[in-house]
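Working notes for the structure below.
As the structure is a computational prediction, the values presented were derived from the model and not from experiment. Residue numbers begin at 1 in each chain, while the letters A, B, ... track the order of the sequences. Hydrogens, waters and symmetry mates are skipped; everything else that's a heavy atom, side chains included, is used.
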2 protein chains.
Amino acid sequence: MPQLHRYIPERSTTRAHFEERSAVLKALAHPSRLMIVDELSHGERCVCDLTELVGHDISTVSKHLNVLKKNGIVVDDKRGKQVYYRLKVPCILNFFHCIESVIDENRK
Amino acid sequence: MPQLHRYIPERSTTRAHFEERSAVLKALAHPSRLMIVDELSHGERCVCDLTELVGHDISTVSKHLNVLKKNGIVVDDKRGKQVYYRLKVPCILNFFHCIESVIDENRK
DNA sequence: CTCTTTATTGGCAATTTAACCAACTGATTT
DNA sequence: AAATCAGTTGGTTAAATTGCCAATAAAGAG
């Protein structure tokens, strides 16, 4: 008698699953997008605020925001002429501590 | 009397700093490299073990390992004919929980 | 309604990334 | 010493990324 349910792993470790994870990391892995996430950790901001912060063309910033949005890191909210973005999953911020420690180690 | 020391920020938020951080994230943001990091969380492994795991050419895996090494995520150790890699900064593993929660949110 | 402001989208050029194969290095085996 | 095994490095090609400009859309102001 086959026991099919025994073969379902608790945690997926398939290639597809690692691709999903890396997509999220890739969305964060750009200096401008990190600046944006850092800024959004202080509250929601409109695209024009973020454009000034990042110092690139507004179309470039809009595309960066779309990358973050597609990967579930931010959500947007149009109010009037402006579009406001905010963090969707705050735990993203925990990354920074670890990344700092990696960088500190690299300096040694 | 100028108070120069007052202008030194506690935490750097310059573009250069965000570039450093994104370099670390970028090193992690690839499915094969995530597979490697996940495997190394169980202990050190030689390149040939990781090559079998990843399922790509050994030269490709070697280059992935070099990316992780250059960014301070793993360290290597040659013993005999084999080169063993292990995680340098274990906190990297904390990322996974958060990434999972992002992915879970994305499914909703 | 027209003009302006805010943001998104399409398209293009330059750069980067990632895979493979081939060549090479270094250590072990025979 | 010669052959073999484990890994790294160089070179090439295909694909993805990122920036800007131009065109478009949507909302508000005059």
Side-chain angles (χ1 to χ4, degrees), chain A residues 15-16 18-40 43-86 88, chain B residues 15-16 18-40 43-86 88:
Chain A
R15 178 166 297 279
F18 285 110
E19 276 165 16
E20 267 189 321
R21 296 179 194 183
S22 70
V24 175
L25 283 168
K26 206 148 93 174
L28 288 169
H30 187 285
S32 299
R33 293 196 289 268
L34 279 188
M35 286 182 80
I36 290 170
V37 169
D38 184 69
E39 180 68 16
L40 293 183
E44 69 172 16
R45 299 284 187 272
C46 67
V47 181
C48 56
D49 290 335
L50 299 170
T51 297
E52 193 181 1
L53 174 82
V54 168
H56 283 151
D57 194 90
I58 190 172
S59 69
T60 300
V61 173
S62 177
K63 282 176 185 176
H64 281 309
L65 286 164
N66 189 245
V67 171
L68 293 172
K69 183 178 159 183
K70 273 190 315 187
N71 286 279
I73 294 163
V74 301
V75 290
D76 64 339
D77 179 22
K78 181 156 192 170
R79 294 203 298 276
K81 273 190 294 189
Q82 281 140 345
V83 179
Y84 290 88
Y85 282 82
R86 62 175 187 280
K88 187 179 175 192
Chain B
R15 177 166 296 280
F18 285 110
E19 276 165 15
E20 266 189 322
R21 294 179 196 183
S22 71
V24 175
L25 283 168
K26 208 149 93 175
L28 288 168
H30 186 285
S32 299
R33 293 197 289 267
L34 279 188
M35 287 182 77
I36 290 170
V37 168
D38 184 70
E39 180 68 16
L40 293 184
E44 68 173 17
R45 298 286 186 272
C46 68
V47 181
C48 57
D49 290 336
L50 298 170
T51 297
E52 194 181 359
L53 173 81
V54 168
H56 282 151
D57 194 272
I58 190 172
S59 70
T60 300
V61 173
S62 177
K63 282 176 184 175
H64 280 309
L65 286 165
N66 189 244
V67 171
L68 293 172
K69 182 179 160 184
K70 273 191 315 187
N71 287 281
I73 294 163
V74 301
V75 290
D76 63 339
D77 180 22
K78 181 158 191 171
R79 294 201 298 274
K81 276 190 293 189
Q82 280 141 342
V83 178
Y84 290 88
Y85 282 84
R86 62 176 188 279
K88 186 179 175 192

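From the 5' end on, the contacts that DNA chain D makes with chain A at under 4.0 Å to a non-hydrogen atom open and close at D:dT17 to D:dG28.
Residues forming a side-chain contact (heavy atoms from CB on, under 4.5 Å) with A:Asp77 (at least two apart in sequence, or on another chain): A:Arg79, A:Arg86. Residues forming a side-chain hydrogen bond (donor to acceptor under 3.5 Å, both in side chains) with A:Gln82 (at least two apart in sequence, or on another chain): A:Tyr84. Residues forming a side-chain hydrogen bond (donor to acceptor under 3.5 Å, both in side chains) with B:Asp76 (at least two apart in sequence, or on another chain): B:Lys69. Every residue two or more places apart in sequence or in another chain was checked for a side-chain hydrogen bond (donor to acceptor under 3.5 Å, both in side chains) with A:Lys78, and none qualifies. Residues that satisfy the salt bridge (Lys or Arg N to Asp or Glu O under 4.0 Å) test with A:Lys81, not counting sequence neighbours, are absent from this structure. Listed by chain and number, the residues in a side-chain contact (heavy atoms from CB on, under 4.5 Å) with A:Glu20 are A:His17, B:Ile103, B:Arg107 (sequence neighbours excluded).
Whole-Å rounding puts the A:Asp49 CG to C:dT6 P distance at 10 Å. One interatomic measurement links the two molecules: CZ of A:Arg45 to P of C:dA7, which rounds to 14 Å at whole-angstrom precision.
Rounding to the nearest 0.5 Å places CZ of B:Phe18 at 11.5 Å from CG of B:Leu25.
Counting only heavy atoms from C-beta outward, the side chains of A:Arg15 and B:Val54 approach each other to under 4.5 Å. Between A:Leu53 and A:Asp49 there is no side-chain heavy-atom pair separated by less than 4.5 Å. In this structure, A:Val75 and A:Tyr85 have side chains that are not in contact, with every pair of non-hydrogen atoms separated by 4.5 Å or more.
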Polar atom pairs between nucleotides 15-23 of chain C and protein, under 3.5 Å, N or O only, would you list them?
{"from": "C:dT17", "atom 1": "OP1", "to": "B:Lys26", "atom 2": "NZ", "distance (Å)": "3.3"}
{"from": "C:dA18", "atom 1": "OP2", "to": "B:Arg33", "atom 2": "NH1", "distance (Å)": "3.4"}
{"from": "C:dA19", "atom 1": "OP1", "to": "B:His30", "atom 2": "NE2", "distance (Å)": "3.4"}
{"from": "C:dA19", "atom 1": "OP2", "to": "B:His64", "atom 2": "NE2", "distance (Å)": "2.5"}
{"from": "C:dC20", "atom 1": "OP2", "to": "B:Asp57", "atom 2": "N", "distance (Å)": "3.2"}
{"from": "C:dC20", "atom 1": "OP2", "to": "B:Thr60", "atom 2": "OG1", "distance (Å)": "2.9"}
{"from": "C:dC20", "atom 1": "N4", "to": "B:Lys63", "atom 2": "NZ", "distance (Å)": "3.1"}
{"from": "C:dC21", "atom 1": "N4", "to": "B:Ser59", "atom 2": "OG", "distance (Å)": "2.9"}

Q: Could you encode protein contacts along nucleotides 24-30 of chain C as a string, one character per nucleotide from 5' to 3', using B for base contact, S for sugar-phosphate-only contact and - for no contact, with a heavy-atom cut-off of under 4.0 Å?
A: ---BS--

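When heavy atoms are screened at a 4.0 angstrom cut-off, B:Tyr84 is found touching no nucleic acid atom at all.
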Ignoring hydrogens and angles, write down the donor-acceptor pairs under 3.5 Å from the side chains of residues 56-63 of chain B, residues two or more places apart or on other chains.
{"from": "B:Asp57", "atom 1": "OD1", "to": "B:Ser59", "atom 2": "N", "distance (Å)": "2.9"}
{"from": "B:Asp57", "atom 1": "OD1", "to": "B:Ser59", "atom 2": "OG", "distance (Å)": "2.8"}

Per-pair distances, 0.1 Å, donor-acceptor, side chain in residues 27-34 of chain A, under 3.5 Å, sequence neighbours excluded:
{"from": "A:His30", "atom 1": "ND1", "to": "A:Ser32", "atom 2": "N", "distance (Å)": "3.0"}
{"from": "A:Arg33", "atom 1": "NE", "to": "A:Ala27", "atom 2": "O", "distance (Å)": "2.6"}
{"from": "A:Arg33", "atom 1": "NH1", "to": "A:His64", "atom 2": "ND1", "distance (Å)": "3.0"}
{"from": "A:Arg33", "atom 1": "NH2", "to": "A:Lys26", "atom 2": "O", "distance (Å)": "3.3"}

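Nearest approach of A:Leu65 to A:Leu50, heavy atoms of both residues: CD2-CD1, 3.9 Å.
Bending across the helix from C:dC1-D:dG30 to C:dT30-D:dA1, expressed as the angle between its end axes from five pairs apiece, amounts to 10° (10° rounding).
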